[in-house]
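Remarks on the structure that follows.
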Amino acid sequence: MTGSNEGPVEPGPSAFSSMSRSPFTVTTLGTGAALPARGRFPSAQLVNIHEKLLLIDCGEGTQERLRSLGVNFQRIAQVFISHLHGDHYLGLMGLISSMHLLGRQSELHVYGPQDLKAIIDLQLRASGTWLRYPLHFHATEPVSGAVVYDDEHVSVSLLALRHRIPCTGFVVREKPGLRRLRHECLDRIPKFKRTAVKQGEDLVFPDGTLIPNAELTLDPLPTRSYAYCSDTAYEPALLPFIEGVDLLYHEATFTTALAARAKETQHSTAAQAAQLALEAGVGRLLLGHFSSRYKSAELLLREAIPIFPNTELSVEGGVFKVVGKE
Ligand SMILES: [Zn+2]
């Protein structure tokens with residue numbers, strides 16, 4: 001568990017607010033690096049935040065992974081591509097094409113390095129394909145903190161990763177919700193006033209009686225956040241941008257024995273990923289992007305845990321909850 005339940009508890013063991021939270025999960029569709037490995041697929045993740053689906057990276061075969069998990073990929077309206085090494089984006093054209101063949105009409109937004117636009121355009125042109133739906137491309141630059149997507153529930157900003165070609169990570173942050181009604185006050189708040197009270201208004205009755213908002217509500221739940229770091233060498237310059245995130249995904253391509261190889265290819269060891277998680281004070285660390293030389297990723301986990309105990313291995317099809325600090 002990442003959250004702390006210490007500290008004073010507001011009256012009522014079950015403030016009205018403690019009803020279940022909107023989802024915020026990360027499904028890992030592929031955990032492999034570069035070359036195919038038995039049972040592993042290349043990088044792709046599906047983030048569900050408040051029932052909105054974001055796709056992060058789209059390695060070869062991502063659409064089949066989504067299908068096999070029963071995900072209707074027409075619900076995805078935002079796709080974020082970290083960089084143009086094939087294991088992170090070669091599934092994108094297949095997905096774009098299937099969306100078209102299945103009659104999609106709603107907009108698709110793709111965020112990625114500028115060259116990706118030319119790659120998509122060339123393939124569409126060469127195949128004589130006129131998409132039935134609007135595809136909007138948004139070029140990204142590796143600038144940490146730059147916001148690329150923003151709506152009422154979520155913002156997505158970039159991380160400048162350290163890799164052999166321009167590479168961006170992504171931070172997905174939930175926006176603050178409404179104030180929460182205190183359970184014991186519910187019968188004092190007329191139903192038609194509840195939304196206004198949740199928005200922070202005092203309650204004023206026709207006879208002029210006023211109940212201050214603070215007596216009726218609790219603060220909104222702390223917001224939740226997720227950071228995706230792939231591919232990158234150990235990069236302490238990321239710290240201010242990932243500090244305190246609830247869940248950090250960080251690549252862990254190699255064990256410490258291959259630290260020199262990690263440095264040369266601008267990747268990380270599991271121990272380096274754990275070190276960054278420790279320094280950033282994150283809630284939980286999720287490792288991925290395992291080199292195909294490791295038949296089991298347990299070795300990588302064993303090297304990370306002594307440094308950052310709250311570490312897990314991503315697995316194909318695994319669903320990881322972003323647990324906030326309640
Ligand atoms: Zn790469």
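All ligand and atom numbering here is 1-based and tracks the order in the structure.
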Walk me through whether Leu92 and Val110 qualify under side-chain contact (heavy atoms from CB on, under 4.5 Å). CA-CA 10 Å; Leu92 182 62; Val110 177; 4.2 Å; yes
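Between Ile120 atom CD1 and Ile96 atom CD1 the span is 4.0 Å, to the nearest 0.5 Å.
Taking 2.8 Å as the criterion, Cys167 does not count as a coordinating residue of the Zn ion (ligand 1), since none of its N, O or S atoms falls below it. Distances from the Zn ion (ligand 1) show that Asp231 has an N/O/S atom below 2.8 Å. Among the atoms of His267, no N, O or S atom is found under 2.8 Å from the Zn ion (ligand 1). Among the backbone and side-chain atoms of His83, an N, O or S atom lies under 2.8 Å from the Zn ion (ligand 1).
Using modelled atom types and a 3.5 Å distance limit, the side chains of Asp87 and Ser43 yield no donor-acceptor pair. Side-chain contact check for Tyr133 and Gln74: no donor-acceptor pair (N or O, by modelled atom type) lies under 3.5 Å. Side-chain atoms of Glu174 and His153 form no donor-acceptor pair, as typed in the model, at a separation below 3.5 Å.
One finds an angle of 90° at the Zn ion (ligand 1) between NE2 on His163 and ND1 on His85, to the nearest 10 degrees.
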